[in-house]
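The chains referred to below are lettered A, B, ... by the order of the sequence lines, with proteins before strands, and numbering in each begins at 1.
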Amino acid sequence: MCMLTAFVSLVALGQGSSSQLDVITTARIVLGLDDATSVQSAIIWELRLPRVLMAIVGGVGLATAGALMQGCLGNPLVSPLTLGVASGAALGAALAIVVGFSITSIGAFAIAGNAFIFSLLVVFIIIQLGRYRSISAESYILVGIAITFIAGAVVSTLQFFATDAQLSQLAHWSFGSLSRPDMAVVLAVGICIVALLPQAMMWSWDLNALAMGGDDFAISTGVNPMRIRRNILVLSALMTSLIIAFTGMIGFVGLAAPHMSRLIIGNDYRKLLPASAVCGAFLMVFADTIGRTLFAPIVIPVGIMLAVIGGPVFMYLLLQSKGVQR
Amino acid sequence: MKTELLSLSDLVIGYDEPLSDPISLTVGPGEIVVILGPSGIGKTTLLRTVANLVMPLGGRSELHVEPAGGLGYIPQNLGLVRHATVAHNVALGAGVRMKWSFGMYAERRERVMKALSAVGMDHKASEPVRRLSGGQKRRVATARTLAQRPQLILADEFLSELDDINATGVMEAVFPLLAKGCSLIMVEHHEEHALKYATRVWELNDGRFSDLTVEAWKKRRMEGETE
């Protein structure tokens, strides 16, 4: 799967509207076999590479976050989208775009900063309300769904009062696109995601205990379910927020990649987390490459392509699998 | 660093209706507490509330143990993986508090075998749990908690289904851990088993909670029978 992802990434670097750069030429330049002209160099290293890297980083982060959330809440339907994290980000972005309200003072990061902080705020509310009502996994999910609706209602209200330009900007943000982040942002997000991954792996044993038999079983093996659930929610929300703040709403990969990996390698989270990460990266790069080339020079946002390509594949895999349950 | 392992302050247990008056107490190291009372009175609910598996209706329950693996819990249904081997089940407990190192796997195996031999189940290490009797499963669940090396054990009827010899054997297996400062809080129907080792009795009866020494509980019982 890693080899396949690397291969698709290399092909993705060679795909675009430039007639000077086909796949073979790009591959030879990237592998150091040919020298690049300044135009070719700019296209590869400044335009295409950040995009492909962001697809890999985004896929790894969102798929890992999805697997973590599904494991700690014991529900295969949970993803960053269903738990309200993405809705929080959308609300933050809508506030920045329509009202001009931004928590961050840096103009370039007004939307991304708002999206990041509001999505974390949603998780904080989910954890606090989940604790107030009860401590079961279901209560976290129900509170998350309620917040999704509330945030959605506020965003709709803001859209109602928005100008055409603001509406267009908001719609573009909500599609989810890999064209926004530049190389510096990609590297910063990538470093953060890579730094968070070891912690996710350290909790894989605890996730196995939670997934095997719920809270009672987990606590009988020495895992504190309430604490681990809270910690994992924070970690997965951090990963999701870091990515969707810069890319916009990309949801499907967080749901589908863990399921696809589960069908291939089973339920052991020590293997499932890295497998989901690689599967997520593959899905993102593949969907983005198709989105860029299918109707070139028109670029279809990766969020849409993921749903269009991934949805049917995901349904096929689920219908084909017999007896493989979460 | 607090010396007590558990502190309850005005804790009210129950799901919709309160099952007891507010409970305030602390549990220190090395104590053996037995929760007694008629069936359905809320003994398991109290244990699950202490384990943070059930939200209290009021008050607070605070555990002062290490977050990872400091609390050992033996549920009434034992929570064993039926298709996995005895050793694998015990390893699930052993792995939680271990830091990663090159010798970790060998150390975990050693811990598992030591815990199994303490409860007399080392000869069944490679047997699947589904083939064991009820009593043997209880000993495996106890071994899993021993391998975890917790600071506080909450056990829900872990001596039931065991004959006198095996019950004594299991308690003796727990003693070395208690000698190191671990405490045990257990719900038990078999009073004679539990009271043999207990240092403290929590009695739940008609919504009233009493925290008594074993002698005080026995005296109260005798007075009740005389009346």
Side-chain angles (χ1 to χ4, degrees), chain A residues 71-74 127-140 142-143 197-235 266-271 273 323-326, chain B residues 15-16 44 47-57 61 63 65-84 88-100 104 108 111 140-156 158:
Chain A
C72 80
L73 296 174
I127 288 171
Q128 290 305 318
L129 290 182
R131 281 182 69 179
Y132 174 74
R133 187 187 171 276
S134 131
I135 49 177
S136 65
E138 288 79 17
S139 60
Y140 285 113
L142 290 172
V143 171
L197 285 175
Q199 184 58 63
M201 281 307 296
M202 280 171 71
W203 284 329
S204 56
W205 183 279
D206 302 16
L207 276 172
N208 277 343
L210 271 175
M212 266 186 209
D215 287 9
D216 274 33
F217 178 77
I219 202 167
S220 67
T221 61
V223 174
N224 183 335
M226 193 171 74
R227 177 178 160 271
I228 204 72
R229 192 170 288 130
R230 189 186 57 219
N231 290 349
I232 287 178
L233 279 179
V234 170
L235 178 73
N267 273 331
D268 187 341
Y269 277 83
R270 289 172 296 177
K271 297 174 195 162
L273 288 179
V324 181
Q325 299 286 322
R326 195 203 64 77
Chain B
Y15 288 95
D16 296 315
T44 297
L47 206 69
R48 288 172 63 80
T49 309
V50 168
N52 283 328
L53 287 169
V54 174
M55 281 285 275
L57 294 179
S61 165
L63 289 163
V65 296
E66 274 180 38
L71 177 70
Y73 183 71
I74 306 173
Q76 207 168 7
N77 65 7
L78 304 178
L80 296 169
V81 186
R82 286 185 77 247
H83 59 265
H88 186 87
N89 270 279
V90 177
L92 282 171
V96 171
R97 292 186 77 187
M98 289 179 70
K99 296 265 185 290
W100 194 91
M104 187 182 82
R108 188 196 296 163
R111 262 201 211 189
V140 174
T142 308
R144 182 181 57 197
T145 304
L146 291 178
Q148 184 190 321
R149 297 184 185 168
Q151 295 159 284
L152 175 66
I153 302 172
L154 306 177
D156 200 348
F158 82 132

Where Phe217(A) and Val81(B) come nearest, the two heavy atoms and their spacing: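 Minimum heavy-atom contact is CZ-CG2, 3.5 Å.
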Nearest atoms (heavy-atom pairs only) where Arg144(B) meets Thr221(A):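 Closest approach of Arg144(B) to Thr221(A): CD-CG2, 4.1 Å.
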Arg227(A) CZ: over 12 foreign heavy atoms closer than 6.0 Å: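 Atom CZ in Arg227(A) is crowded, with more than 12 foreign heavy atoms closer than 6.0 Å.
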Arg48(B) vs Asp216(A) side-chain heavy atoms within contact, under 4.5 Å: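 A side-chain contact exists here, since the closest heavy-atom pair is under 4.5 Å.
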Close side-chain approach of Leu80(B) to Ser220(A), heavy-atom, < 4.5 Å: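 Side chain of Leu80(B) against side chain of Ser220(A), heavy atoms only: no contact under 4.5 Å found.
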Ile74(B) side, atom CD1; Ile219(A) side, atom CD1 - distance, nearest 0.5 Å: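 Result: 12.0 Å between the selected atoms.
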